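Structure record follows, encoded as structure tokens.
What you see is a predicted model, and the numbers here were worked out from it, not measured in a lab.
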Amino acid sequence: MKLPITTGRLIIRRYAEKDLNDLYEYLCDEEIMRFEPYNALSFEETKKSLEWRISSDEIFAIELKSLQNDWKRLSWETRLRPAGRRRKTVIST
């Protein structure tokens with residue numbers, strides 16, 4: 001799949017090192033993370049999570065173009081599974 005993919009409202013792309021601070025701001029928030037299947041992450045845990053996201057062929061960052069200068073731009077992600085396995089979409093706001 002050739003990335004990034006852009007639409008009128010979205011940019012679908014791979015995670016990048018530049019996402020660390022924005023991702024941390026999201027993943028460290030206990031109020032947000034209470035809706036996730038894991039607890040809020042430390043900065044070091046976020047670094048490891050980002051390394052995995054960057055290396056994965058299954059997960060993509062989906063940005064809302066209208067929020068490109070806001071950490072909430074990384075508010076969606078999708079995980080693609082190999083053929084025959086269920087596709088899971090995670091929506092985190």
Side-chain angles (χ1 to χ4, degrees):
M1 178 182 311
K2 185 177 177 184
L3 295 174
I5 298 169
T6 59
T7 71
R9 295 182 20 203
L10 303 173
I11 301 170
I12 302 168
R13 63 173 179 79
R14 298 221 181 263
Y15 277 90
E17 290 181 16
K18 69 178 183 171
D19 296 323
L20 179 59
N21 289 329
D22 293 335
L23 188 62
Y24 174 66
E25 189 170 346
Y26 170 76
L27 293 176
C28 77
D29 189 316
E30 291 182 11
E31 182 63 22
I32 292 171
M33 297 310 290
R34 71 186 180 106
F35 299 103
E36 296 288 348
Y38 45 88
N39 295 322
L41 301 183
S42 69
F43 191 76
E44 289 303 315
E45 290 168 325
T46 301
K47 277 185 183 178
K48 289 179 184 175
S49 178
L50 180 60
E51 289 171 8
W52 173 78
R53 292 165 192 255
I54 290 171
S55 69
S56 176
D57 290 333
E58 296 182 354
I59 195 163
F60 303 95
I62 302 177
E63 295 185 37
L64 292 172
K65 285 182 177 179
S66 62
L67 297 175
Q68 282 187 307
N69 296 317
D70 188 324
W71 69 268
K72 295 179 186 98
R73 69 187 167 82
L74 291 176
S75 60
W76 299 64
E77 65 185 34
T78 189
R79 183 175 292 173
L80 302 178
R81 300 286 182 182
R85 292 180 66 190
R86 202 172 117 187
R87 182 175 164 181
K88 176 182 177 185
T89 300
V90 178
I91 302 172
S92 306
T93 56

Revision key, fill the gap. Output for pair (I12 CD1, E63 CD), nearest 0.5 Å, gives 10.5 Å
Check your understanding: Are F43 and Y38 connected in a single hydrophobic cluster, I mean Ile/Leu/Val/Met/Phe/Trp/Tyr linked by side-chain heavy atoms less than 4.5 Å apart?
Key -> yes
Practice item. Test L64 against L10 for side-chain contact (heavy atoms from CB on, under 4.5 Å), laying out the working first. Key: CA-CA 5 Å; L64 292 172; L10 303 173; 3.3 Å; yes
Point to revise | Taking every non-hydrogen atom, the tightest pair across F60 and Y15 | key: C-CE1, 3.8 Å
Review point. Taking it one step at a time, do D57 and R14 satisfy side-chain contact (heavy atoms from CB on, under 4.5 Å)?
Key: CA-CA 9 Å; D57 290 333; R14 298 221 181 263; 3.9 Å; yes
Point to revise | Salt-bridge contact K48-E45 (side-chain N to carboxylate O under 4.0 Å) | key: no
Practice item. Apply the test side-chain contact (heavy atoms from CB on, under 4.5 Å) to residues W52 and I59: give CA-CA distance (whole Å), side-chain angles for both, the deciding distance (0.1 Å), then the verdict. Key: CA-CA 9 Å; W52 173 78; I59 195 163; 3.7 Å; yes
Check your understanding: Going from CZ on R53 to CG on D19, what distance comes out if it is rounded to the nearest 0.5 angstrom?
Key -> 9.5 Å
Check your understanding: T6: what forms a side chain to side chain donor-acceptor pair (under 3.5 Å) with it, not counting sequence neighbours?
Key -> none
Point to revise | Sub-4.5 Å side-chain heavy-atom contact between T46 and Y26 | key: no
Exercise for review: Evaluate side-chain contact (heavy atoms from CB on, under 4.5 Å) for M33 paired with L27, printing each intermediate quantity in order.
Suggested key: CA-CA 7 Å; M33 297 310 290; L27 293 176; 3.8 Å; yes
Review point. A40 and C28: which non-hydrogen atoms are nearest, and at how many Å?
Key: CB-O, 3.5 Å
Practice item. Would you confirm whether K47, through its side chain, and Y24, through its main-chain N or O, come within 3.5 Å as a donor-acceptor pair? Key: no
**Study point:** Interatomic distance, N39 atom CG to L41 atom CG [nearest 0.5 angstrom]
**Key:** 8.5 Å
